[in-house]
Amino acid sequence: MRHIATFCGQCNCGCPELYVDEAAAPEKRVVITDDFGQRIQMSVAQLADLVADVRRGVLDEVLVSAG
């Protein structure tokens with residue numbers, strides 16, 4: 001897997017990370033890991049939809065209510 005990004009990186013807690021697995025089936029090519037050893041696999045198109053939603057502010061309410 002090719003590492004793309006680490007989210008946080010300010011500690012040694014096993015921060016969430018984003019990878020691209022070129023060998024995986026197209027619908028599982030994007031891999032997001034968390035600090036609990038879990039992983040999410042999705043297609044590049046699904047990641048693009050997620051990024052578009054984030055840019056439009058869809059998750060802003062979650063961040064405000066969780067903070």
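- Proximity of V31 to V20: side-chain heavy atoms (C-beta onward) are nowhere separated by under 4.5 Å.
- With sequence neighbours excluded, no residue satisfies side-chain hydrogen bond (donor to acceptor under 3.5 Å, both in side chains) with D21.
- Between the side chain of D34 and the backbone N or O of G37, at least one donor-acceptor pair lies under 3.5 Å.
- Linking ILVMFWY residues whenever their side-chain heavy atoms come closer than 4.5 Å, directly or via other members, places V51 and F7 in the same cluster.
- T6 and E17 form a side-chain donor-acceptor contact under 3.5 Å, judged by distance and modelled atom types alone.
- Contact annotation: the side chain of T33 approaches that of Y19 to within less than 4.5 Å [non-hydrogen atoms, C-beta and beyond].
- Of all non-hydrogen atoms in M42 and I32, the two that sit nearest each other are CE-CD1, 3.9 Å.
- Scanning both residues, K28 and A24, for their nearest heavy atoms gives O-CB, 3.7 Å.
- Looking only at side-chain heavy atoms (C-beta outward), I40 and Q38 stay at 4.5 Å or farther from each other.
- Between E22 and R29 there is no salt bridge, since no side-chain N of the basic residue sits under 4.0 Å from a carboxylate O of the acidic one.
- A heavy-atom distance below 4.5 Å is not found between the side chains of R55 and D53.
- Open room surrounds CD on E61; 12 or fewer heavy atoms of other groups in view lie less than 6.0 Å from it.
- The hydrophobic clustering, which links ILVMFWY residues whose side-chain heavy atoms are closer than 4.5 Å, places L18 and M1 apart.
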